[in-house]
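Data first, discussion second: the structure below is written as structure tokens.
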Amino acid sequence: MAENNQSIFDMINQYGPYVGMVIIGVAVLLVLLYYLRLGTLSEFKQKYDYINKNEIDVLWRSAVIILIGAVIWVNSLFGETEFLWLSVKVFVSAMLALIIGVIIQNVLRFYYPFYIEKRLKKLRYTPRVSPKTGKPMKLLSEEEEDVYLDEGMQAEEDIFSVDYDVWVDEETGYTKIEKYSGHLHALQCSECNYQTLKVVKEEIIKSPTVTEDGELMKYFKCSYCGHKARKTFHIAKLKEPSPEAAPTDSSSASA
């Protein structure tokens with residue numbers, strides 16, 4: 001029995017460091033593959049969507065894998081000969097890894113969004129280059145872009161579910177429309193200063209008409225401190241139907 005136990009400890013001490021390093025290497029490889037993939041994307045919008053969708057998840061998964069590999073590696077560095085001391089080491093190192101994991105999770109959840117938001121804004125508002133002329137295109141204002149958006153797109157913007165950016169090549173008239181989620185990112189909470197204030201509910205207080213703007217109430221809640229806030233937004237007036245689109249009276253037409 002003692003010989004069997006000794007062989008198990010010898011195996012752990014011999015192969016444990018390699019197993020731990022391989023696991024850590026897998027985590028590093030995941031991060032490298034992420035940035036390599038990001039580097040192959042040529043469009044600013046593609047990079048924007050890729051970062052927004054994947055970066056925090058990739059960093060979190062890699063951190064968890066690194067912590068697992070570190071626990072295995074550390075516990076195989078010293079030649080233990082008793083299960084009791086090995087169990088104590090595994091328990092202590094696992095608790096330390098758990099604490100570190102919670103810290104990393106909070107950093108990625110509450111602090112990292114400030115950094116990633118700056119990068120996303122730079123990608124979103126960097127001037128697009130026209131494939132027709134090779135010159136920078138103009139980003140239209142909210143009022144100017146309505147000409148290039150159909151009624152469905154304008155309706156999406158009116159309720160803040162989607163935000164469209166319209167880039168125009170003023171020389172050739174070439175246009176590029178990019179679609180962004182209206183609720184992609186949390187705002188900075190006025191109470192705790194974390195970027196964790198998110199929209200939890202929207203309510204139309206006053207429907208728009210062809211003569212008056214409407215009003216939309218957005219309700220926010222901080223996922224960290226629980227602070228609640230609300231803000232009113234205007235909804236643009238409805239467009240009057242064109243004379244061509246107006247329905248004709250069948251009785252008068254027959255007369």
Side-chain angles (χ1 to χ4, degrees), residues 8-9 12-13 15-39 47-80 82-123 180-201 218-230:
I8 293 174
F9 285 120
I12 292 174
N13 297 331
Y15 298 107
Y18 299 105
V19 173
M21 287 187 290
V22 168
I23 293 176
I24 294 173
V26 169
V28 175
L29 182 61
L30 284 177
V31 176
L32 290 176
L33 289 175
Y34 167 79
Y35 283 107
L36 284 174
R37 169 60 179 159
L38 180 62
K47 291 184 177 182
Y48 183 102
D49 291 338
Y50 188 72
I51 291 173
N52 182 66
K53 182 180 179 181
N54 299 300
E55 185 155 315
I56 291 180
D57 287 340
V58 168
L59 294 178
W60 170 239
R61 287 197 299 267
S62 299
V64 172
I65 295 173
I66 287 175
L67 290 174
I68 293 173
V71 169
I72 295 174
W73 181 67
V74 168
N75 283 282
S76 59
L77 288 179
F78 308 101
E80 294 294 344
E82 296 184 11
F83 279 111
L84 176 61
W85 289 113
L86 179 61
S87 301
V88 171
K89 283 201 314 178
V90 170
F91 176 79
V92 173
S93 58
M95 290 301 101
L96 289 174
L98 181 62
I99 293 172
I100 296 172
V102 171
I103 294 173
I104 293 174
Q105 184 182 46
N106 285 317
V107 169
L108 292 175
R109 182 180 178 186
F110 300 122
Y111 291 99
Y112 195 74
F114 286 99
Y115 167 70
I116 204 171
E117 183 72 18
K118 293 179 181 178
R119 293 168 57 202
L120 292 179
K121 283 183 178 180
K122 183 178 180 180
L123 288 171
Y180 297 88
S181 172
H183 304 145
L184 271 181
H185 309 294
L187 304 176
Q188 184 172 356
C189 177
S190 59
E191 294 296 318
C192 64
N193 292 322
Y194 289 127
Q195 194 159 336
T196 49
L197 193 68
K198 295 185 178 182
V199 176
V200 294
K201 181 183 177 183
K218 298 177 75 173
Y219 298 86
F220 300 84
K221 183 177 180 180
C222 177
S223 59
Y224 180 73
C225 69
H227 173 67
K228 295 181 180 180
R230 61 182 181 177

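- Atoms NZ and OH, from Lys53 and Tyr48 in turn, are 14.5 Å apart once rounded to the nearest 0.5 Å.
- Not counting sequence neighbours, Lys118 has no partner by the side-chain contact (heavy atoms from CB on, under 4.5 Å) test.
- Across every non-hydrogen atom of Ala97 and Val71, the tightest pair is CB-CG2, 3.7 Å.
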Show me the donor-acceptor pairs within less than 3.5 Å that the side chains of residues 22-34 make with the rest of the protein, sequence neighbours left out.
from: Tyr34; atom 1: OH; to: Glu55; atom 2: OE1; distance (Å): 2.6

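- The two residues Cys225 and Glu191 have their closest heavy-atom pair at SG-CB, 4.1 Å.
- In terms of the side-chain contact (heavy atoms from CB on, under 4.5 Å) criterion, residue partners of Tyr219 (sequence neighbours excluded) are, by chain and number, Val200, Lys201, Glu203, Met217, Arg230.
- Annotation for Phe110 and Phe114: closest pair O-CE1, 3.4 Å, computed over non-hydrogen atoms.
- Ile51 CD1 to Ile116 CD1: the interatomic distance, rounded to the nearest 0.5 Å, is 6.5 Å.
- Residues Pro113 and Leu108 share a closest heavy-atom pair of CD-O, 3.3 Å.
- Evaluation of the ring-ring contact (aromatic ring centres under 6.0 Å, His included) rule for Phe220 yields no partner, not counting sequence neighbours.
- Residue Tyr35 places its OH atom among more than 12 non-hydrogen atoms of other residues, nucleotides or ligands, all under 6.0 Å distant.
- Once rounded to the nearest 0.5 Å, the distance linking CD1 of Ile104 with CZ of Arg109 reads 15.5 Å.
- In this structure, CG in Leu67 is found 11.5 Å from CD1 in Ile72, a value given to the nearest 0.5 Å.
- Here the side chains of Ser190 and His227 are in contact, with some heavy-atom distance below 4.5 Å.
- For residues 91-102, every residue pair satisfying the side chain to side chain donor-acceptor pair (under 3.5 Å) rule, not counting sequence neighbours, is listed here: Asn75-Ser93.
- For the atom pair CZ of Phe91 and CG of Leu96, the computed distance is 10.0 Å after rounding to the nearest 0.5 Å.
- With sequence neighbours left out, Asp57 forms a side-chain contact (heavy atoms from CB on, under 4.5 Å) with Arg61.
- Atom CG in Asp49 sits 7.0 Å away from atom OH in Tyr180 (nearest 0.5 Å).
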